[in-house]
Amino acid sequence: MRFIFLFFFVIMMSLDIHAQLEMRHNPYIKGKIVLKNDSIKSGFVKLDASAFRVRYKAIKDQKSKEKIDAKTIESIVIVTPSGGERTFYYKQTDQDKFPKFVELLSTGKYDLYLYSPNEASLYYKDVDRSNVSDYLAYTRDMEGLGHYSAEEIRKEVAKIVNPKYLLDLKSSDPLYFIYSNRKLRKNAPNYFKDCPSLVSRIESKELNLDDILKIIDLYNNCSKN
């Protein structure tokens with residue numbers, strides 16, 4: 001009995017230590033928080049235990065930190081060392097009533113977003129949180145999402161835990177999850193009805209979920225004709 005108690009005590013202690021390390025190694029990233037009242041907090045932004053526990057510092061080295069209520073946030077913009085930007089939002093989706101923390105990948109007639117149930121892997125996808133020194137050497141060659149090619153974005157997405165794409169159809173409030181090729185083919189006639197050639201390529205399986213960036217680009221261009 002004593003052995004069983006000690007075993008569970010060690011397990012619980014190890015989980016607690018792991019959780020503390022995970023939280024400790026979430027660094028602050030230079031950026032800004034745009035609030036719904038149109039005010040902006042520029043400085044350094046950190047996700048604590050989740051995307052709904054946001055911490056802010058005006059100066060990276062300051063000891064005090066400000067807790068920001070996620071409900072008051074319009075967007076979070078973080079800066080890459082090369083000067084580019086990544087933008088995150090809290091958006092309603094067709095999945096449930098709770099907002100999801102998502103990253104904007106591309107804009108057009110339809111906007112494309114990215115989600116991960118592991119929010120930290122999305123926000124910190126280029127940071128090894130087990131080694132803070134890696135963050136200090138954090139570098140990227142790309143200049144911002146607006147300049148990424150589809151292949152470059154695909155490589156970046158590969159770093160994220162269980163990534164899911166979402167579409168903003170602009171005609172309704174929630175973002176729509178695209179979970180699978182089956183769902184993509186099922187909804188293609190509705191999503192892309194004003195671009196029949198694209199619908200045909202999706203239904204024939206020439207294009208699938210792995211090509212979602214190309215699909216959105218083709219649709220946005222097709223819609224301009």
Side-chain angles (χ1 to χ4, degrees), residues 12-93 95-105 111 113-140 142-146 148 153 156-157 159-164 166 168 175:
M12 293 301 295
M13 286 295 293
S14 65
L15 290 174
D16 182 63
I17 291 171
H18 176 77
Q20 291 182 37
L21 287 173
E22 183 75 3
M23 291 174 62
R24 187 177 68 195
H25 291 303
N26 282 358
Y28 284 87
I29 297 180
K30 185 176 181 180
K32 63 184 178 182
I33 300 173
V34 180
L35 299 174
K36 291 180 179 179
N37 63 7
D38 294 330
S39 63
I40 298 175
K41 290 182 174 292
S42 297
F44 296 84
V45 186
K46 167 185 175 178
L47 303 187
D48 213 340
S50 79
F52 294 85
R53 296 183 62 182
V54 180
R55 304 294 181 261
Y56 163 79
K57 291 182 178 181
I59 302 172
K60 188 175 182 179
D61 295 331
Q62 76 180 52
K63 293 183 179 179
S64 61
K65 59 186 178 182
E66 183 179 352
K67 297 180 180 180
I68 308 296
D69 186 349
K71 294 179 181 179
T72 68
I73 296 175
E74 177 65 30
S75 64
I76 297 175
V77 182
I78 59 175
V79 180
T80 68
S82 59
E85 294 182 343
R86 297 172 61 207
T87 305
F88 302 86
Y89 295 89
Y90 298 87
K91 293 284 190 177
Q92 296 296 140
T93 74
Q95 185 180 70
D96 54 48
K97 64 180 181 179
F98 300 105
K100 304 295 185 187
F101 183 70
V102 296
E103 180 177 3
L104 178 63
L105 290 184
D111 294 342
Y113 291 84
L114 187 65
Y115 165 77
S116 170
N118 185 327
E119 298 153 343
S121 81
L122 178 62
Y123 188 77
Y124 291 111
K125 68 182 174 64
D126 294 316
V127 181
D128 180 359
R129 288 171 293 137
S130 66
N131 185 352
V132 174
S133 64
D134 284 355
Y135 172 68
L136 300 179
Y138 170 54
T139 58
R140 292 177 66 183
M142 303 172 191
E143 295 184 354
L145 288 169
Y148 284 7
I153 294 178
E156 294 293 294
V157 170
K159 302 176 184 178
I160 299 168
V161 176
N162 194 20
K164 302 292 182 185
L166 302 97
D168 182 354
L175 303 184

Identify the residue among Leu114, Asp111, Thr87 that makes a side chain to side chain contact (heavy atoms under 4.5 Å, CB included) with Leu105.
Leu114

I'd like to check Pro99 versus Lys91 (side-chain heavy atoms, cut-off strictly below 4.5 Å). Are they in contact?
no

What do the steps show when you test Lys100 against Tyr113 for side-chain contact (heavy atoms from CB on, under 4.5 Å), and what is the final call?
CA-CA 11 Å; Lys100 304 295 185 187; Tyr113 291 84; over 6 Å; no

Taking all heavy atoms of Ala51 and all of Glu119, pick out the closest pair and write down the distance.
N-OE1, 2.9 Å

Could you walk me through whether Val34 and Ile73 pass side-chain contact (heavy atoms from CB on, under 4.5 Å), step by step?
CA-CA 6 Å; Val34 180; Ile73 296 175; over 6 Å; no

Is the count of non-hydrogen atoms from other residues, nucleotides or ligands lying under 6.0 Å from Lys36 atom NZ greater than 12?
yes

The test is side-chain contact (heavy atoms from CB on, under 4.5 Å); show your working for Leu104 and Asp168 and say whether it passes.
CA-CA 10 Å; Leu104 178 63; Asp168 182 354; over 6 Å; no

Out of curiosity, Lys60 NZ to Tyr28 OH, how far, rounded to the nearest 0.5 Å?
11.5 Å

Excluding sequence neighbours, so at least two apart, what forms ring pair (Phe, Tyr, Trp, His ring centres under 6.0 Å) with Tyr115?
Phe177

Once side-chain hydrogen bond (donor to acceptor under 3.5 Å, both in side chains) is applied, do any residues pair with Glu66, and if so which ones, sequence neighbours excluded?
Lys41

About how many Å separate CG of Leu47 and CZ of Phe52, when rounded to the nearest 0.5 Å?
10.0 Å

Within the 6.0 Å centroid threshold, strictly below: Phe101 and Phe88
yes

Separation of Phe44 CZ from Lys65 NZ (nearest 0.5 Å)
16.0 Å

With no hydrogens and no angle check, is any side-chain donor or acceptor of Glu103 less than 3.5 Å from a backbone partner on Tyr123?
no

Less than 4.5 Å apart, any side-chain heavy atom of Ile33 and any of Ile40?
no

Between Lys46 and Tyr124, is there a side-chain heavy-atom distance shorter than 4.5 Å?
yes

Got a second to check how far Lys67's NZ is from Arg53's CZ, nearest 0.5 Å?
7.0 Å

When you check the side-chain N and O atoms of Ser116 and Asn118, is any donor under 3.5 Å from an acceptor?
no

Taking the side chain as everything from C-beta on, heavy atoms only, tell me whether Ile29 gets closer than 4.5 Å to Val45.
no

Between CD of Glu74 and OH of Tyr89, what distance do you get to the nearest 0.5 Å?
7.0 Å

Lys57 and Asp61 ion-paired at < 4.0 Å
no

